[in-house]
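On a predicted model such as this, the values are computed, not experimentally measured, just so you know.
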Amino acid sequence: METILLCGKSGGDTLTETLVSTLQQYGRVLYAGEQRLQHEDPGSPDFFVREQESLPELHMETGVLVFKTGVRLKHSIQIPEGVRCVLNSRNHQTAELLGKMKISAAACGMSGRDTLSIASLDYGSAVLSLQRSVLTLGGKLLEPHDFQVQVEGNAGPAQILTVSMILLLLGLDSGKGFRIL
């Protein structure tokens, strides 16, 4: 089971709904939030998505940690080596704090400096550009490349980028593109 931890203000954006819907294409999802626990499919989950406002003490070997806006961070945090971090490049406060602690994070945004950006955007589809090599949870090195994303929901550019980065870090194949729901 792969763990995805979403830290920051809950509600008000479509990231959680988009992520859970999209992951359901690839397996069973167990979601736990501040007010909700959801597991609709019988059997053991393939993905565990946890959402909370502050960063908990992490005792896990691998996983994806997404820093949403409004996350409450201490001035010193410990991120296990196998945990991959993701943030929106507009989340300047968190990026600055992670930089001071020498914790790398995949930045998602519209700039050439970002790890993942949008090369083109059209109604219902986008071409995303992985601009830097990243290491998946399974230890595979993904080289820079472009890939197609079909969008079938209310996701905006920030959600498309973040969910796509999570899928890449989980080791899902972008060769045939992703469907973001």
S.K.: Between His59 and Gln78, is there a side-chain heavy-atom distance shorter than 4.5 Å?
M.R.: no
S.K.: Answer with yes or no whether the side chains of Ser133 and Glu143 bring together a donor and an acceptor at under 3.5 Å.
M.R.: yes
S.K.: Do Thr3 and Val83 touch side chain to side chain, with heavy atoms closer than 4.5 Å?
M.R.: no
S.K.: Would you call Glu51 and Tyr31 a side-chain contact if the rule is heavy atoms closer than 4.5 Å?
M.R.: yes
S.K.: Can you see which heavy atom on Ala155 is nearest to which on Ile180, and at what distance?
M.R.: CB-CG2, 4.3 Å
S.K.: Counting C-beta onward and ignoring hydrogens, is there a side-chain heavy-atom pair between Ser174 and Leu130 closer than 4.5 Å?
M.R.: no
S.K.: Go through the steps for Asn91 and Thr69 under the test side-chain hydrogen bond (donor to acceptor under 3.5 Å, both in side chains), then give the verdict.
M.R.: CA-CA 6 Å; Asn91 191 346; Thr69 56; over 6 Å; no
S.K.: Restricting to non-hydrogen atoms, name the atom on Ile103 and the atom on Cys85 that form the minimum distance, rounded to 0.1 Å.
M.R.: CG2-SG, 4.1 Å
S.K.: Report, as yes or no, whether the 6.0 Å neighbourhood of atom CD on Gln93 holds more than 12 heavy atoms from other residues, nucleotides or ligands.
M.R.: no
S.K.: Taking all non-hydrogen atoms of both residues, which atom of Cys7 and which atom of Leu65 are closest, and how far apart?
M.R.: SG-CD1, 3.8 Å
S.K.: Please check if Met60 and Leu55 belong to a single hydrophobic cluster, counting links between Ile, Leu, Val, Met, Phe, Trp and Tyr side chain heavy atoms closer than 4.5 Å.
M.R.: yes
S.K.: Can you name the nearest heavy-atom pair linking Met165 to Cys108, along with the distance?
M.R.: CB-SG, 3.7 Å
S.K.: Evaluate the side-chain hydrogen bond (donor to acceptor under 3.5 Å, both in side chains) criterion for residues Ser89 and Asp114: first the C-alpha distance (whole Å), next the side-chain angles of each, then the deciding distance (0.1 Å), finally the verdict.
M.R.: CA-CA 7 Å; Ser89 62; Asp114 294 316; 3.3 Å; yes
S.K.: Would a 4.5 Å heavy-atom cut-off, applied to side chains only, mark Arg179 and Thr22 as touching?
M.R.: no
S.K.: Is there a side-chain contact between Leu169 and Thr136 in this structure, where contact means two heavy atoms from C-beta onward sitting under 4.5 Å apart?
M.R.: no
S.K.: How many angstroms lie between CG in Leu168 and CG in Leu135, if you round to the nearest 0.5 Å?
M.R.: 12.5 Å
S.K.: Is there a path of hydrophobic side-chain contacts, each under 4.5 Å between heavy atoms of I/L/V/M/F/W/Y residues, joining Ile77 to Leu97?
M.R.: yes
S.K.: Under 6.0 Å from the CD atom of Glu53, do we count more than 12 heavy atoms belonging to anything else shown?
M.R.: yes
S.K.: With a 4.5 Å cut-off on side-chain heavy-atom distances among I, L, V, M, F, W and Y, is there a chain of contacts connecting Val127 to Leu161?
M.R.: no
S.K.: Step by step, would you call Leu170 with Tyr26 a side chain to side chain contact (heavy atoms under 4.5 Å, CB included)?
M.R.: CA-CA 11 Å; Leu170 290 171; Tyr26 300 100; over 6 Å; no
S.K.: Are Leu181 and Leu128 in one and the same hydrophobic cluster, where Ile, Leu, Val, Met, Phe, Trp and Tyr link if side-chain heavy atoms are under 4.5 Å apart?
M.R.: no
S.K.: Would you say Glu61 has more than 12 foreign heavy atoms packed within less than 6.0 Å of its CD?
M.R.: no
S.K.: Are the side chains of Gln131 and Ser117 in touch, meaning some heavy atoms are under 4.5 Å apart?
M.R.: yes
S.K.: Measuring from Leu172:CG to Glu2:CD, what's the distance to the nearest 0.5 Å?
M.R.: 9.0 Å
S.K.: So, taking the atom named CD1 in Ile4 and the one named OG1 in Thr16, what distance separates them when rounded to the nearest 0.5 Å?
M.R.: 11.5 Å
S.K.: Report the distance from atom CZ of Phe178 to atom CG of Leu167, rounding to the nearest 0.5 Å.
M.R.: 5.0 Å
S.K.: How long is the straight-line distance from CD1 of Ile166 back to CG of Leu15, given to the nearest 0.5 Å?
M.R.: 6.0 Å
S.K.: How close do Gly27 and Asp46 get, counting heavy atoms only, and between which atoms?
M.R.: CA-OD2, 3.1 Å
S.K.: Tell me, do Phe147 and Leu116 make a side-chain contact under 4.5 Å, heavy atoms counted?
M.R.: yes
S.K.: I'd like to know if the side chain of Gln159 pairs up with that of Thr18 as donor and acceptor (distance under 3.5 Å, no hydrogens or angles considered).
M.R.: no
S.K.: Counting heavy atoms not belonging to Arg90, are there more than 12 under 6.0 Å from its CZ?
M.R.: no
S.K.: Which pair of non-hydrogen atoms, one from Gly8 and one from Lys68, has the smallest distance, and what is that distance?
M.R.: CA-CB, 3.9 Å
